[in-house]
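As structure tokens, the structure follows; a few thoughts come after it.
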Amino acid sequence: MNFQKISDPEFRKEIEASKALKLFPAGSVILDINSYINYIPLVLSGSIKVIRTDEDGREILLYYLTPGESCISSILSGLTQDTSKVKVVVEENAEILMISLQQAKDWLRKYPEWTDFIFGLYQRRFEDLLEVVNAVAFQKADARLLHLLNQKSQLYKSKELSVTHQQLADELGITREAVSRVLKQIETEGKIKLSRNKITLL
């Protein structure tokens with residue numbers, strides 16, 4: 001379910017009256033690992049990515065959030081007064097509605113559509129996480145990398161991606177050298193074209 005498709009007029013009026021809209025430039029960290037959660041982010045435009053880091057600071061991309069979506073991990077951790085288990089970073093300049101925890105709790109009691117939205121998010125994100133586990137456990141690096149490039153292409157609505165090898169390595173949780181080697185292999189197979197800090201899907 002997409003949050004922007006809420007049909008209850010009273011609920012929509014309350015959302016619009018919340019005045020919690022904030023603009024974030026690309027690269028902004030909205031939420032970090034082990035931080036306490038005061039607000040739940042709802043994406044109105046742009047996109048954000050949700051990542052997990054290990055003790056050595058290595059990261060792996062869990063999923064992207066696009067307009068109408070929110071971070072189910074933030075919601076669950078916030079509602080249970082737990083610290084964040086993920087890092088949330090703005091991928092593209094974004095307009096985000098920052099909903100307070102108290103308001104989120106009130107909406108659970110007042111609006112069935114909010115509850116449906118949360119359950120829908122949970123199901124979708126669970127499926128995303130299963131894909132990540134499957135990719136890490138069973139797919140080769142070339143399949144994982146090509147899948148990530150296709151995700152980014154859909155996100156940016158473009159076959160031409162401005163992204164560095166290091167950025168891809170960070171999101172996949174592998175080394176930059178491995179990414180560069182695999183990209184060359186995929187280019188040889190005729191699936192992409194490489195240029196400086198740019199990758200074109202063919």
Side-chain angles (χ1 to χ4, degrees), residues 1-54 59-136 148 151-152 154-155 170-171 173:
M1 179 182 176
N2 187 307
F3 187 74
Q4 292 175 324
K5 295 179 181 177
I6 293 290
S7 60
D8 185 321
E10 286 301 314
F11 191 11
R12 292 202 68 84
K13 191 183 296 183
E14 197 165 329
I15 294 166
E16 290 164 7
S18 67
K19 296 181 180 177
L21 182 65
K22 292 192 177 182
L23 305 178
F24 292 92
S28 299
V29 177
I30 297 175
L31 187 64
D32 215 339
I33 300 260
N34 294 324
S35 297
Y36 279 98
I37 297 164
N38 299 312
Y39 296 92
I40 292 168
L42 295 168
V43 182
L44 298 185
S45 70
S47 60
I48 59 181
K49 61 183 177 182
V50 180
I51 55 183
R52 176 74 182 163
T53 61
D54 65 12
E59 301 177 343
I60 187 167
L61 173 70
L62 299 179
Y63 47 81
Y64 287 108
L65 300 177
T66 55
E69 296 185 320
S70 183
C71 176
I72 189 63
S73 179
S74 300
I75 294 172
L76 295 177
S77 295
L79 293 178
T80 57
Q81 297 182 324
D82 197 1
T83 56
S84 177
K85 304 298 182 286
V86 296
K87 184 176 181 180
V88 181
V89 182
V90 176
E91 177 78 3
E92 301 173 279
N93 293 345
E95 289 180 299
I96 300 175
L97 203 59
M98 303 296 280
I99 303 299
S100 72
L101 285 179
Q102 187 56 55
Q103 195 162 39
K105 290 176 183 177
D106 291 344
W107 287 354
L108 282 174
R109 290 189 293 270
K110 293 169 64 176
Y111 302 112
E113 276 189 290
W114 176 241
T115 304
D116 292 344
F117 171 72
I118 290 176
F119 277 113
L121 276 179
Y122 186 88
Q123 180 180 3
R124 183 167 178 180
R125 297 292 80 100
F126 182 71
E127 290 169 357
D128 287 339
L129 292 176
L130 285 180
E131 280 188 22
V132 172
V133 170
N134 180 66
V136 171
L148 177 60
Q151 275 186 305
K152 286 185 174 292
Q154 290 174 7
L155 193 68
D170 290 342
E171 292 186 8

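This is a predicted model, so every value here is computed, not measured.
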Exercise. Taking all heavy atoms of L121 and all of S70, pick out the closest pair and write down the distance.
Key: CD2-O, 3.6 Å
Practice problem: Starting at NZ of K22, measure out to OG of S28 and round the result to the nearest 0.5 Å. | Solution: 11.5 Å
Quiz item: Measuring from I60:CD1 to L62:CG, what's the distance to the nearest 0.5 Å?
Solution: 7.0 Å
Quiz item: Short question: side chain of S35, backbone of L31 - any donor-acceptor pair under 3.5 Å?
Solution: no
Quiz item: When rounded to the nearest 0.5 angstrom, what is the spacing between CD1 in I37 and OG1 in T80?
Solution: 7.5 Å
Quiz item: Going by heavy atoms in the side chains, are W107 and I99 under 4.5 Å from each other?
Solution: yes
Exercise. Kindly give the heavy-atom pair with the smallest separation between S84 and D32, and that separation in Å.
Key: CB-O, 3.4 Å
Exercise. Before giving the answer on side chain to side chain contact (heavy atoms under 4.5 Å, CB included), spell out for L108 and L79 the whole-Å C-alpha distance, their side-chain angles and the decisive distance to 0.1 Å.
Key: CA-CA 10 Å; L108 282 174; L79 293 178; 3.8 Å; yes
Practice problem: Taking all non-hydrogen atoms of both residues into account, name the closest pair between I48 and V90 and its distance. | Solution: CG2-CA, 3.7 Å
Quiz item: Do you know which two heavy atoms are closest between C71 and Y63, and how far apart they sit?
Solution: SG-OH, 3.9 Å
Quiz item: In a check of side chain to side chain donor-acceptor pair (under 3.5 Å) between D106 and each of Q102, K110, Q103, which one passes?
Solution: Q102
Exercise. Could you pull out the closest heavy-atom pair between L97 and L21, with the gap in Å?
Key: CD1-N, 3.8 Å
Quiz item: Given side chains that start at C-beta, do those of L42 and F117 come closer than 4.5 Å, heavy atoms only?
Solution: yes
Quiz item: Is the backbone N or O of T83 less than 3.5 Å from a side-chain atom of K85, with the two atoms forming a donor-acceptor pair by type?
Solution: yes
Quiz item: Side-chain contact, heavy-atom cut-off 4.5 Å: Q151 with E171?
Solution: no
Quiz item: Quick one: CH2 on W114 to CD on E14, what's the gap to the nearest 0.5 Å?
Solution: 11.0 Å
Quiz prompt | L76 side chain reached by Y122 side chain, heavy atoms, under 4.5 Å | solution = yes
Quiz prompt | Distance, nearest 0.5 Å, that separates CZ of R125 from CG of L129 | solution = 8.5 Å
Quiz item: Can you check salt bridge (Lys or Arg N to Asp or Glu O under 4.0 Å) on E10 and K13, steps first, answer last?
Solution: CA-CA 5 Å; E10 286 301 314; K13 191 183 296 183; 3.7 Å; yes
Self-check item: Heavy-atom side-chain contact between S7 and E113 under 4.5 Å
Solution: yes
Exercise. Before giving the answer on side chain to side chain contact (heavy atoms under 4.5 Å, CB included), spell out for S74 and V88 the whole-Å C-alpha distance, their side-chain angles and the decisive distance to 0.1 Å.
Key: CA-CA 9 Å; S74 300; V88 181; 4.3 Å; yes
Self-check item: Spatial distance of atom OG1 (T115) from atom CZ (R109) [nearest 0.5 Å]
Solution: 11.0 Å
Quiz item: Which pair of non-hydrogen atoms, one from T66 and one from V43, has the smallest distance, and what is that distance?
Solution: O-CB, 3.7 Å
Quiz item: Is the NZ atom of K105 crowded by more than 12 outside heavy atoms at less than 6.0 Å?
Solution: yes
Self-check item: Side-chain heavy-atom pair K87, I33 within 4.5 angstrom cut-off
Solution: yes
Quiz item: Side chain of N93, backbone of P25: donor and acceptor closer than 3.5 Å?
Solution: no
Quiz item: Any side-chain heavy-atom pair from F24 and P41 closer than 4.5 angstrom?
Solution: no
Quiz item: With respect to Y64, which candidate in K152, E92, K49 satisfies the side chain to side chain donor-acceptor pair (under 3.5 Å) definition?
Solution: K152
Quiz item: Hey, does I72 have a side-chain heavy atom less than 4.5 Å from the side chain of I118?
Solution: yes
